[in-house]
Undergrad: 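The structure follows.
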Protein chains: 2
Amino acid sequence: MSHYLLEQNIKKNIHLSNEDLTTVSNYFKPLDLKRKEFLLTQGSICKFEGFVVDGCFRVFTLDKKGNENTLYFAAKDWWLMDIDSFMNQTASNLNIQALEDSKVLLISRKDKVSLYESLPIVEKLFRIMSQKALVSWQRRLIRNHSFTAKERYFHFIETYPDISSKLTDKQIAGYLGISHEFLSKIKKNSK
Amino acid sequence: MSHYLLEQNIKKNIHLSNEDLTTVSNYFKPLDLKRKEFLLTQGSICKFEGFVVDGCFRVFTLDKKGNENTLYFAAKDWWLMDIDSFMNQTASNLNIQALEDSKVLLISRKDKVSLYESLPIVEKLFRIMSQKALVSWQRRLIRNHSFTAKERYFHFIETYPDISSKLTDKQIAGYLGISHEFLSKIKKNSK
DNA sequence: TAAAAAAGTTGAACAAGTTCAATTGAATAA
DNA sequence: TTATTCAATTGAACTTGTTCAACTTTTTTA
């Protein structure tokens, strides 16, 4: 059952009784996406928070120059949303696209609000999750400033071998913030 | 009284009764720092979370090449800590230095844990604060990838005129992730 | 207030990364 | 299965940003 993975993920962050765990888990509804389908597109408002049960997603924005700037990838056991649009209920700048046939569990914004109210320990859960995410974003910024593109590339493929093996070089380049031509040159002169 | 600003800041995030607000606020202890003094240095463990009541701080890391990489600045009404070291109780990679004579309110890690336990709504407070911070970090990454150094510079000084006017160009360059010589050239050819 | 230290400027040479265009290779859809 | 589309590679010319060194200006400290 797809909720099992979600429950295990939650347990990594916080201790919950089985009853509470089931309550939380039941708020999440499964959704299947085909390869290349979008869970969210730029301009719309993000009304869900998601957890990836299977497959892989790319969260990216298209800037003025037409570059696809990838904020992050989310594979199995990762969370997924546009937190900016979700919190502020403003038009999203992000696209969330399935890179392969995928399955997610979604909780709607409304349901999340009721969940916070009915089960206050969920506040703690998302407080901890958000703080962990914050740590990753800060680390990534430091890497972006202090590593060269080549160092960032190898850090990425070594840290996330499972995810990076599913990605094209173009997608990886979009995550690293470099052109795919330059990534190709990095790979060439590293052999 | 210096706790007033903290209480106002908390109220921006969440509604609390005056009683609860006072309870939270009382956990925070004032500390004065002279210009150039450090609140945290690389290698030590961050045991506090801080709120700036007056003055200004720079949160930076010294990388292998000897570059001072600035994660963020925190002026009056901003929060301050190494969340990575604080959460994981591992050696910090960050230095937190006062840029001018400053006053902070600090809550110790121990006190924060008891506060979470005695007043569960504090979970919600920090959940919201963390999520807002997350939004800022994501936006900053997108800017770093899609803006040139020149665009990032003007975005910074226009968005944070109060903070940037207190900073040297060297410090701003460290925040933007560029050399201070290049920042000088950007300013020259923008006149 | 003088001396010292730090910040800012400038130029020249260099390195990192982009852009464009052409070509090849791989995956996908009809 | 073939045509088509998309990904990857390469080179050349270019732009962005770095490094180093010398110098000026401002700020700090004794």
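Here is the naming used below: chain letters follow the sequence lines, and residue numbers restart at 1 for every chain.
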Undergrad: Please report, rounded to the nearest Å, how far the P atom of C:dT9 is from the CG atom of B:Asn189.
TA: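 In whole Å, C:dT9 P and B:Asn189 CG are 12 Å from each other.
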Undergrad: Does anything in residues 161-179 of chain A come within less than 4.0 Å of DNA chain D? Heavy atoms only, and list the residues if so.
TA: A:Thr168, A:Asp169, A:Lys170
Undergrad: Find the distance B:Glu181:CD to C:dG11:P and express it as a whole number of Å.
TA: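 The answer, rounded to whole Å, is 14 Å.
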Undergrad: Identify each atom pair where a protein N or O and an N or O of nucleotides 12-16 of chain C are less than 3.5 Å apart, giving names and distance.
TA:
from, atom 1, to, atom 2, distance (Å)
C:dA12, N6, B:Lys185, NZ, 3.1

Undergrad: Five pairs per end, C1' atoms only: what is the angle between the end axes of the helix from C:dT1-D:dA30 to C:dA30-D:dT1, to 10 degrees?
TA: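 Between the first-five-pair axis and the last-five-pair axis there is 60°.
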Undergrad: Could I get the full list of side chain to side chain donor-acceptor pair (under 3.5 Å) partners for B:Lys12, not counting sequence neighbours?
TA: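 Listed in chain order: B:Asp77.
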Undergrad: Expressed as a whole number of angstroms, how long is the span from A:Lys187:NZ to C:dG17:P?
TA: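 Going from A:Lys187 (NZ) to C:dG17 (P), I get 17 Å.
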Undergrad: Please, which pairs that meet salt bridge (Lys or Arg N to Asp or Glu O under 4.0 Å) have at least one residue in residues 36-63 of chain B, sequence neighbours excluded?
TA: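 Those involving residues 36-63 of chain B are B:Glu49-B:Lys112, B:Arg58-B:Glu68.
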Undergrad: Could you tell me which non-hydrogen atom of A:Leu21 sits nearest to which non-hydrogen atom of A:Leu16, and how far apart they are?
TA: CD1-CD1, 3.8 Å
Undergrad: Base contacts versus sugar-phosphate-only contacts with protein, heavy atoms under 4.0 Å: please encode nucleotides 22-30 of chain C as B, S and - from 5' to 3'.
TA: ------S--
Undergrad: If you assign each of A:Lys188 and B:Phe147 to its closest nucleotide in DNA chain D, which residue comes earlier from the 5' end?
TA: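 The residue mapped nearer the 5' terminus is A:Lys188.
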Undergrad: Applying ring pair (Phe, Tyr, Trp, His ring centres under 6.0 Å), can you list everything that pairs with B:Tyr153, at least two apart in sequence or on another chain?
TA: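 Testing B:Tyr153 for ring pair (Phe, Tyr, Trp, His ring centres under 6.0 Å), a comparison that skips the adjacent residues, returns none.
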Undergrad: More than 12 foreign heavy atoms under 6.0 Å from CD of A:Gln89: is that the case here?
TA: yes
Undergrad: My understanding is that only residues two or more places apart in sequence, or in another chain, count here; which of them pass side chain to side chain donor-acceptor pair (under 3.5 Å) with B:Lys11?
TA: none
Undergrad: Assess whether atom NZ of B:Lys65 is packed by more than 12 heavy atoms of other residues, nucleotides or ligands within 6.0 Å.
TA: yes
Undergrad: Is there any salt bridge (Lys or Arg N to Asp or Glu O under 4.0 Å) pair reaching into residues 124-142 of chain A, and which pairs are they, with sequence neighbours excluded?
TA: A:Lys124-B:Glu123, A:Arg127-B:Glu123, A:Arg139-B:Asp84
Undergrad: Using atom names, set out every protein N or O paired with an N or O of nucleotides 3-5 of chain D below 3.5 Å, distance rounded to 0.1 Å.
TA:
none

Undergrad: Filter on ring-ring contact (aromatic ring centres under 6.0 Å, His included), then keep only pairs touching residues 171-191 of chain A, sequence neighbours left out; what's left?
TA: A:Phe73-A:Tyr175, A:Phe156-A:Tyr175
Undergrad: So which pairs with a foot in residues 38-69 of chain B pass ring-ring contact (aromatic ring centres under 6.0 Å, His included), sequence neighbours left out?
TA: B:Phe51-B:Trp79
